[in-house]
Participant: 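Right, I'll just put the structure down here and ask away after.
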Amino acid sequence: MSLTVVGSIAFDAVKTPFGERERMLGGAATHFSLAASFFTEVRPVGPVGEDFGAAEFAVLEARGIRTDDIERVPGGKSFFWRGHYEYDLNVAHTDDTQLGVFAEFEPKLSEASRSADTLFLANIQPDLQRQVRAQCGSAGLSGLDSMNLWIETARDSLVAAVAEVDCLVVNDAEIRMLTGESNLARAARAVMAMGPRAVIAKQGEYGAALFTGEGFFALPGFPLEDVRDPTGAGDSFAGGFFGYLDGLGREPGEAELRQAMGYGTVLASFNVEEFGTERVARLSREEIDERFEQLRAMTQFEGLASAAE
Ligand code: AMP
């Protein structure tokens, strides 16, 4: 099984009430790949600049991520994002976005990336997402993430990209913005009318909700006492979700989608405990499975023996 992902591969400058970093490894495809690497073979696709060095590649390669389709552009500058979070970490502000080498990027995927079983179009300009989608015709499962910037500046391209995937994974506010529907259930239905069979609404620390033609499922965020940097939580969620599904090696049913929601929730929770990729880069599969069991126990409400009985 293998999973191809296109999206930003970046340097981030981030300030939260609990600390700051002036320059750290980031990007939607980076966070996604690290999370998915615990379940399957991952191939991120995208350009980086000359500033992206051996240390950055090493973080990915240490997790077995296949970096052959990360193109290092001579003289180029990597995607750069600067943002900060309020005391309520659910409120994020973008202070600067520099596309760098992504401005000129024309995806040409290797045979290995093109023949992936699963494809994730992580957050990046939607025309690039579509170019990659067109090259990965054999993917049995595909997903897409986006953000307010692209809804505002490239709406038509984004709607066309959404129509070409099985599952949309975006923040609840972005689903409302994309569809013009304030009610989330109606907004999810409007997205499904565009093409996708499933919609995941990410809700920050409150968790994530899954809408499909067959029903609804939701999980809370894993309760944590120490959250330092929420950057990449959504991408880590998607990496856990699609990584688990790809690793299964069969078409997922409703039950597998719910398990995948659990793995997404767990990966996102580890990601926010430290800045950038710091925590997930040294995570183990045992830690993931342990937290998955804790989440399962926490969210079970049927069949528990009551102390009064
Ligand atoms: P998340 O916190 O999951 O929404 O993702 C944060 C990551 O997305 C950061 O590491 C950024 O480098 C990246 N990012 C921020 N803005 C954009 C953008 N406009 N397009 C693509 N990636 C972005």
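Note: hydrogens, waters and symmetry copies are ignored here, and every other heavy atom, side chains too, is used. If you read the sequence from its start, that first residue is 1, and numbering goes on from there. Counting starts at 1 for both ligands and their atoms, following the listed order.
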Participant: Would you kindly specify which portion of Q125 sits under 4.0 Å from ligand 1, judged on non-hydrogen atoms: side chain, backbone, both or neither?
Facilitator: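 Within the 4.0 Å criterion, Q125 makes no contact with ligand 1.
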Participant: For atom 8 (O) of ligand 1, what's the nearest protein heavy atom and its distance?
Facilitator: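 Checking every protein heavy atom, the shortest distance to atom 8 (O) of ligand 1 gives A28 N, 3.9 Å.
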Participant: If the cut-off is 4.0 Å to any non-hydrogen atom of T231, which atoms of ligand 1 fall inside it?
Facilitator: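 Every atom of ligand 1 under 4.0 Å from some heavy atom of T231: 2 (O), 6 (C), 9 (C), 10 (O).
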Participant: Students should be able to answer this: which protein heavy-atom is nearest to atom 3 (O) of ligand 1, and at what distance?
Facilitator: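 Nearest protein contact, heavy atoms only, for atom 3 (O) of ligand 1 is D235 OD2, 2.8 Å.
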Participant: Indicate the ring-plane relationship of W81 and Y85, choosing parallel, tilted or perpendicular according to the 30° and 60° boundaries.
Facilitator: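 Perpendicular, since the angle between the ring planes exceeds 60°.
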Participant: So, D68 and S110: side-chain donor and acceptor under 3.5 Å apart, yes or no?
Facilitator: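 No.
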Participant: Hey, what else clusters with V73 if you join Ile, Leu, Val, Met, Phe, Trp, Tyr whenever side-chain heavy atoms sit under 4.5 Å?
Facilitator: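 Its cluster partners, ordered by chain and number, are V101.
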Participant: State whether a side-chain donor-acceptor pair under 3.5 Å links E86 with H93.
Facilitator: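 Judged by distance alone, the side chains do pair up.
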Participant: For the pair F11 and F52, name the ring-plane relationship: parallel under 30°, tilted 30 to 60°, perpendicular over 60°.
Facilitator: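 F11 vs F52 ring planes: tilted.
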Participant: Please list all pairs meeting ring-ring contact (aromatic ring centres under 6.0 Å, His included) that have one or both residues in residues 119-174, counting only residues at least two apart or in different chains.
Facilitator: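 Qualifying pairs: F32-F120, F120-F242.
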Participant: Geometry only, no angles: is T97 polar-contacting ligand 1 at N/O separations under 3.5 Å?
Facilitator: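 No; every N/O pair is 3.5 Å or more apart.
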Participant: Decide whether an N or O pair under 3.5 Å exists between G232 and ligand 1.
Facilitator: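 Min N/O separation from ligand 1 is below 3.5 Å for G232.
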Participant: Show which atoms of ligand 1 fall inside a sub-4.0 Å distance from at least one heavy-atom site of M147.
Facilitator: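 Under 4.0 Å from M147, ligand 1 has these atoms: 16 (N), 17 (C), 18 (C), 19 (N).
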Participant: For ligand 1, which atoms sit closer than 4.0 Å to a heavy atom of A10?
Facilitator: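 Selected atoms, number and element: 12 (O).
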Participant: Quick one: nearest non-hydrogen protein atom to atom 9 (C) of ligand 1, plus distance?
Facilitator: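 Of the protein heavy atoms, D12 OD2, 3.2 Å lies nearest.
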Participant: Mind listing the closest non-hydrogen atom pair of T179 and A190 along with its distance?
Facilitator: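 Minimum heavy-atom separation between T179 and A190: CG2-CB, 3.9 Å.
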Participant: Which option, W150, W81, F11, F102, owns the non-hydrogen atom nearest atom 20 (N) of ligand 1?
Facilitator: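 The residue whose heavy atom sits nearest atom 20 (N) of ligand 1 is W150.
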Participant: Which is it for A233 and ligand 1 at heavy atoms under 4.0 Å: side chain, backbone, both or neither?
Facilitator: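 For A233, the contact with ligand 1 is made by the backbone alone.
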Participant: Counting only nitrogen or oxygen atoms and a 3.5 angstrom limit, does G27 reach ligand 1?
Facilitator: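 Between G27 and ligand 1, an N or O pair is found under 3.5 Å apart.
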Participant: Do S142 and E164 have side-chain N/O donor and acceptor atoms under 3.5 Å apart?
Facilitator: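 Side-chain D/A pair, S142 to E164: absent.
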Participant: Heavy atoms only: give me the nearest L34-V59 pair and the separation to one decimal.
Facilitator: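 Closest heavy-atom pair between L34 and V59: CD2-O, 3.9 Å.
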Participant: Would T16 and R228 count as a side-chain hydrogen bond (donor to acceptor under 3.5 Å, both in side chains) here? Give the steps.
Facilitator: CA-CA 7 Å; T16 83; R228 291 207 172 77; over 6 Å; no
Participant: Within ligand 1, which atoms have a heavy atom of G26 less than 4.0 Å away?
Facilitator: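 Near G26, the atoms of ligand 1 are 10 (O).
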Participant: Would you mind checking which non-hydrogen protein atom is closest to atom 21 (C) of ligand 1, with the distance to 0.1 Å?
Facilitator: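 Checked against all protein heavy atoms, atom 21 (C) of ligand 1 sits closest to N123 O, 3.0 Å.
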Participant: Please check: side-chain N/O of D117 versus main-chain N/O of S2, any donor-acceptor pairing under 3.5 Å?
Facilitator: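 Yes, D117 side chain to S2 backbone: donor-acceptor pair under 3.5 Å.
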Participant: Just to confirm my output: which protein heavy-atom neighbour is closest to atom 22 (N) of ligand 1, and how far is it?
Facilitator: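 Answer for atom 22 (N) of ligand 1: S8 OG, 2.8 Å.
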Participant: Is L149 touching ligand 1 with its side chain, its backbone, both, or neither, if touching means heavy atoms under 4.0 Å apart?
Facilitator: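 It is the side chain that touches ligand 1; the backbone stays farther off.
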Participant: G234 heavy atoms, cut-off 4.0 Å: which ligand 1 atoms fall inside?
Facilitator: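 With G234 as reference, the close atoms of ligand 1 come out as 3 (O).
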